[in-house]
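Inspection log for the structure reproduced underneath, given as structure tokens.
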Amino acid sequence: MPITHLLISWYHESCRPLPWRMTTNPYLIWISEVILQQTRVDQGNPYYQRFAERFPTVTALASASEADVLLQWQGLGYYSRARNLHKAARTIVDKYDCQLPGSSAELIKLSGIGPYTASAVASIAFKEPSPAIDGNVMRVMARYYSADSKVNSPELKKLCTIAIRVMMQNHHPGDVNQALMELGALICRPAAPMCTVCPIQQGCSSFSTGSQSKFPVPAQKAKPRNRYFVYLVLTGIEREAPYIVLRKRAKGDIWQGLHDFPLIETKETPTDSAITDSLLWKSLLPTVRPSLLHATYLKHQLTHQTLHCWFIRQSTENLSTGLNEQEYLKIPFDRLHHFPFPRLIQRYFELRRTMDNDDAPI
DNA sequence: TTCCTGAAAG
DNA sequence: CTTTCAGGAA
């Protein structure tokens with residue numbers, strides 16, 4: 001029995017009944033692929049369900065505001081995926097007559113669709129024989145061929161492309177792509193692969209020499225840089241309603257389009273005097289003396305940055321001057337759930353709720 | 001190179 | 001408990 005047959009038979013018997021496998025709707029297949037980029041199935045699944053319900057068509061997605069889309073995406077990370085999804089939906093409505101383009105060559109022109117997603121969608125939705133090569137697939141192939149090229153290298157991608165094209169000659173391209181990804185997720189896992197139940201064990205070079213753990217050869221990883229954030233958590237009461245001051249994050253840095261608090265960033269571990277010296281503190285609270293010792297500290301790890309964050313609570317009664325209302329938003333507590341926040345800020349809110357363990361959400 | 005998070009590993 | 005890891009596009 002040829003290896004590809006064994007793989008595809010295994011896939012048809014053992015594939016998980018995931019919601020996006022229950023549809024032939026190219027739009028929903030696209031959504032699921034974007035959500036699953038850099039995201040595990042268990043984490044992405046509930047997001048897919050809610051997203052598909054809230055935005056059932058390209059038109060629905062294109063009609064929504066970016067903030068609405070980000071709100072649905074809140075907590076998933078890599079928020080550019082949500083912004084790009086929204087942008088691409090508008091392109092599809094404006095330039096493609098509300099229909100998802102039917103080839104990988106056209107799909108790849110859309111925001112947020114790269115070689116992997118273009119091939120995945122085109123192969124699954126349109127039967128195009130285009131290999132979809134992600135980290136899972138590269139791991140499977142590197143082990144199968146004991147390939148020395150590093151993960152993500154052009155060499156390894158080329159090897160994958162050629163081998164998978166051959167597999168697609170006698171099988172549904174979407175099944176071949178999904179079978180390889182499913183094998184990588186369920187059997188040929190990063191650690192402790194389950195070679196004893198692997199459908200393509202008999203052809204696997206690494207298995208034959210017991211060298212599974214040597215492949216794929218890892219790429220070198222960059223070291224994260226440290227950043228130091230001092231957040232001012234300003235609360236007050238206006239017209240009997242408690243509010244908190246938020247700031248929408250701008251372009252050119254992390255979390256763009258999401259919300260956090262007025263921020264003092266320092267180059268090194270902040271000191272109380274560094275805070276009083278900052279422009280923001282001098283303009284808002286020149287008579288108040290900050291204490292980092294009494295601030296809430298949270299550490300937050302991103303791919304390329306380690307954030308060290310202190311949260312200083314102040315009542316806005318102490319404010320010397322008015323806030324710039326263009327930049328800073330006074331938001332009543334009961335409207336906070338309309339705003340998308342990064343996980344760090346959600347964690348801060350959760351922490352406050354636990355510490356106060358009473359009525360106030362802040 | 002840069003973007004984020006939750007699960008896994010230590 | 002803290003740190004590392006997995007996962008594509010621009």
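Note on naming: letters A, B, ... go to the chains in the order of the sequence lines (proteins, then strands), and numbering restarts at 1 for each one.
- With rounding to whole Å, A/D253 atom CG is found 6 Å from B/dC3 atom P.
- With DNA chain C read from its 5' end, the first of the two nearest nucleotides for A/L36 and A/K299 is the one closest to A/K299.
- Remark on DNA chain B: of its neighbouring residues A/L76 and A/A191, the 5'-side contact belongs to A/L76, judged by nearest-heavy-atom nucleotide.
- The phosphate of B/dT5 has neither OP1 nor OP2 within less than 4.0 Å of any side-chain N or O from A/W73.
- OP1 or OP2 of C/dA6 has not a single side-chain nitrogen or oxygen of A/T39 nearer than 4.0 Å.
- Considering only side-chain N and O atoms, A/Q37 lies under 4.0 angstrom from the phosphate OP1 or OP2 of C/dA9.
- Distance check: A/E66 CD to A/L85 CG gives 11.5 Å after rounding to the nearest 0.5 Å.
- Regarding contacts with the backbone of C/dG7, a side-chain N or O of A/R139 is found under 4.0 angstrom from either OP1 or OP2.
- For A/D175, the salt bridge (charged side-chain N to carboxylate O under 4.0 Å, His left out) test picks out no residue, with sequence neighbours left out.
- Residue-level contact check: A/L302 touches the bases, meaning some heavy atom is under 4.0 Å from a base atom.
- Atoms SG and CG, on A/C198 and A/L186 in that order, are 11.0 Å from each other to the nearest 0.5 Å.
- The distance from atom OH of A/Y78 to atom C1' of C/dA9 is 10 Å, rounded to the nearest whole Å.
- Between the OG atom in A/S278 and the CG atom in A/L232 there is a gap of 7.5 Å [rounded to 0.5 Å].
- B/dT1 atom C1' lies 11 Å from atom NZ of A/K223, rounded to whole Å.
- Looking at heavy-atom distances under 4.0 Å, A/N152 makes no contact with the nucleic acid at all.
- Taking atom CG on A/L70 and atom P on B/dC3, their separation rounds to 16 Å, with Å as the unit.
- One interatomic measurement links the two molecules: CG of A/D134 to C1' of C/dA6, which rounds to 11 Å at whole-angstrom precision.
- By the 5.5 Å and 30° criteria, A/H304 is stacked with the base of B/dC3.
- A perpendicular orientation is assigned to the rings of A/F341 and A/H259, their planes being inclined by more than 60° (bins at 30° and 60°).
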Could you write out each protein N or O paired with an N or O of nucleotides 6-8 of chain B at a distance under 3.5 Å?
residue : atom : partner : partner atom : Å
B/dG6   : OP1  : A/R343  : NE           : 3.0
B/dG6   : OP2  : A/R343  : NE           : 3.0

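- Under the salt bridge (charged side-chain N to carboxylate O under 4.0 Å, His left out) criterion, A/R239 pairs with no residue, sequence neighbours left out.
- The separation between A/Q305 atom CD and B/dT5 atom P is 12 Å, rounded to whole Å.
- Note: A/H171 and A/H5 have perpendicular aromatic rings, judged against thresholds of 30 and 60 degrees for the angle between ring planes.
- Here the C1' atom of nucleotide B/dT1 and the CZ atom of A/R225 are 11 Å apart, to the nearest Å.
- Across the protein-nucleic acid pair, A/W255 atom CH2 and B/dT5 atom C1' stand 11 Å apart, rounded to whole Å.
- Phosphate proximity of B/dT5 to A/Y79: present, with a side-chain N or O under 4.0 Å from OP1 or OP2.
- Listed pair A/N84 / C/dA9 fails the phosphate criterion, with no side-chain N or O lying under 4.0 Å from OP1 or OP2.
- For A/Y48 and A/W20, the distance between ring centers is under 6.0 angstrom.
- Each of C/dA9, C/dC5, C/dA6 was ranked by its minimum atom distance to the side chain of A/Y116; first place goes to C/dA9.
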